[in-house]
Amino acid sequence: MRRLLDRLHRAFFAEAPAERLAIVRLLVGAFALVYLCVRAAHLQRVGHLPPEGFRPIGVVSVLSAPLPLWAVRGLIGAAIAAGAAFVAGFKFRVAGPLFGALLLWVLSYRNSWGMVFHTENLLVLHVIALGLAPAADACSLDARAARRAGPPSASSAPAPHGRYGWPLRLLCAITVTSYFIAGVTKLRNSGLDWALSDILRNYIAYDNVRKIALGDTHSPLGGALVRYGFLFPPLALASLAMELGAPLALFSRRIAVVFCGAAWLFHLGVLLTMAILFPYPLLGIAFAGFFELEKMRDLRRPRRAGPT
C-alpha cells in the first residue's frame, strides 16, 4: 500500500515548469473573462425579472430573496475586474481566489432564475483550481515585479517543481471526472439501453422538434439524420465508452490524447446534431492541462543556421 501511495504521490505532484501552468492560466482566464464580458448584459438582465421566479441554487442558496439590481451589476463588474487581474497575473494571491469566488457566484445567480447552464460547470471549477494555485509565478505582472525587485540571480523563470505540477493534474482530474459522471448518469437513467436502443436518436429528434416549435435555433442535420436509425447505437456506444473510460487519461499520455480527441469530437457532434454549443471544450481549452504547452513556443522559434 505504501508503494502504491508513493507512486500516486509522485504522479500527482510530478514536476512541471511554471510557464506551463501560467499558459493554462492565461487560456482559461482569458476564456472566462471574454465569456463574462460577452454575457454581461444577459447576466444583469435577471435583475429585472419578477422575484417570484427566483430559485436559488448552489452558493446562492444563502439568499432568501433576490439582490437589488445595483448589487447584481456591481458583482458582475467586480468579477470582470478580478478576471482581468487573473489573466494579467496581478496581485494573484488575492485576485486568483477572488475571481473564482465571483465567477461561481455570478453564474450561479444567473442559473437561479431558470435553466441551469451545465456547460459552465467545468470552466468554473478550473478557474477555482487555478486561483488557488501558484499559477502566476511566470508570464504575469507579479512575476515581472518579483524579478525587478529581486537579485540578478532571480531574473530567470522558476525551476520546474511539483507545486506547478499538482494544479495541472488537478485540472485533468476535474475534467475526466466530469465526463465520467456523465457516463455513470447515462447508465443509471437508461442502463445499456443507451447504447443498444433508439434513446439517443429519440433525444436528438425531440430536442430539434422542441426548438422548432419554440422558434429557437435547431439543427437541420440532426433532423435529417434521425431517419437513419442504424447510425445512433454506435454513436451512443462511442460516447459512453469515452465518458466511462475518461479516468484512464490520467495514467497514460497516449490515452489522454485519444480521450481529448474523442471528447472534442463528441462536442462537435452535439453542436452539429442538436445546435448545443460547448465553447470551452470545443476550443480545446478544457483539455489544456493535458499538454506541454510551453513547448509550442520552442517550435515557433526559428532555428539558427549552423556554421558554413
Side-chain angles (χ1 to χ4, degrees), residues 28-29 31-84 86 95 97-129 131 174 177-179 181-182 184-186 188-190 199-200 202-219 222-223 267 270-271 273-282 286:
V28 174
F31 179 91
L33 179 59
V34 171
Y35 186 82
L36 276 179
C37 291
V38 170
R39 290 179 57 82
H42 174 76
L43 292 171
Q44 65 88 28
R45 200 172 296 151
V46 297
H48 299 281
L49 296 177
E52 294 78 16
F54 183 59
R55 298 291 185 272
I57 64 170
V59 294
V60 182
S61 298
V62 298
L63 298 179
S64 57
L67 294 173
L69 180 59
W70 64 265
V72 174
R73 290 175 173 172
L75 286 167
I76 294 171
I80 291 174
F86 183 100
L98 181 61
F99 182 48
L102 287 172
L103 182 67
L104 174 63
W105 179 272
V106 167
L107 296 182
S108 296
Y109 190 80
R110 161 59 188 87
N111 291 340
S112 297
W113 293 87
M115 179 179 175
V116 176
F117 289 86
H118 61 279
T119 56
E120 301 166 341
N121 295 346
L122 186 58
L123 170 64
V124 174
L125 290 174
H126 280 182
V127 168
I128 292 174
I174 291 172
T177 300
S178 68
Y179 285 92
I181 291 174
V184 171
T185 302
K186 288 184 176 68
R188 291 184 63 181
N189 291 339
S190 307
I199 292 178
L200 177 60
N202 293 338
Y203 186 79
I204 292 175
Y206 166 78
D207 183 78
N208 282 290
V209 168
R210 179 181 62 85
K211 289 174 178 175
I212 292 173
L214 295 174
D216 200 357
T217 303
H218 68 284
S219 168
H267 289 292
V270 170
L271 176 62
T273 59
M274 291 188 287
I276 299 175
L277 176 63
F278 287 75
Y280 189 53
L282 270 175

Colleague: Check this for me: Y203, atom OH, are more than 12 non-hydrogen atoms of other residues, nucleotides or ligands nearer than 6.0 Å?
Modeller: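 No - once you tally the heavy atoms of other residues, nucleotides and ligands closer than 6.0 Å, there are 12 at most.
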Colleague: Roughly how far apart are T177 OG1 and L122 CG, rounded to 0.5 Å?
Modeller: 10.0 Å
Colleague: Would you say the side chain of L75 lies within less than 4.5 Å of the side chain of L102, judging by non-hydrogen atoms?
Modeller: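 Result yes, sub-4.5 Å side-chain heavy-atom pair found.
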Colleague: How many angstroms lie between CG in N121 and CD1 in I174, if you round to the nearest 0.5 Å?
Modeller: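 One finds 11.5 Å between CG of N121 and CD1 of I174.
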Colleague: For L36 and A79, work out which heavy atoms get closest and say how close.
Modeller: CD1-CB, 3.9 Å
Colleague: If every non-hydrogen atom of W113 is compared with every non-hydrogen atom of P50, which pair is closest and at what distance?
Modeller: CZ3-O, 3.1 Å
Colleague: What are the two closest heavy atoms between N208 and S219, and how far apart are they?
Modeller: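 Looks like OD1-N, 2.8 Å.
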Colleague: Tell me whether the centres of the aromatic rings in Y179 and H267 are closer together than 6.0 Å.
Modeller: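 Ring-ring flag for Y179/H267: true, centres closer than 6.0 Å.
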Colleague: With rounding to the nearest 0.5 angstrom, report the OG to NE2 distance, S178 to H126.
Modeller: 7.0 Å
Colleague: Quick check: do V106 and V72 have side-chain heavy atoms less than 4.5 Å from each other?
Modeller: no
Colleague: As an exercise, state the distance from CD1 of I57 to CG of N111, rounded to the nearest 0.5 Å.
Modeller: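 Going from the CD1 atom of I57 to the CG atom of N111 covers 4.5 Å.
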Colleague: For L63 and P56, work out which heavy atoms get closest and say how close.
Modeller: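 It is O-CG, 3.8 Å.
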Colleague: Using every non-hydrogen atom in the two residues, find where Y109 and L67 come nearest and quote the distance to one decimal.
Modeller: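 Closest approach of Y109 to L67: OH-N, 2.9 Å.
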Colleague: Report yes if the side chains of L271 and F278 come closer than 4.5 Å at any heavy-atom pair, otherwise no.
Modeller: no
Colleague: Roughly how far, to the nearest 0.5 Å, is CD1 of I276 from NZ of K211?
Modeller: 4.0 Å
Colleague: Under 4.5 Å between any side-chain heavy atoms of F54 and V46, yes or no?
Modeller: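 With C-beta onward as the side chain, the pair stays apart.
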Colleague: Just verifying a value: how many Å separate L103 CG and I80 CD1, rounded to the nearest 0.5 Å?
Modeller: 11.0 Å
Colleague: For a quick test of reading the model, state the closest non-hydrogen atom pair linking H48 to L69 and the distance between them.
Modeller: CE1-CD2, 3.5 Å
Colleague: Measuring only between side-chain heavy atoms, which start at C-beta, is L33 closer than 4.5 Å to F86?
Modeller: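 No. Closest side-chain heavy atoms not under 4.5 Å.
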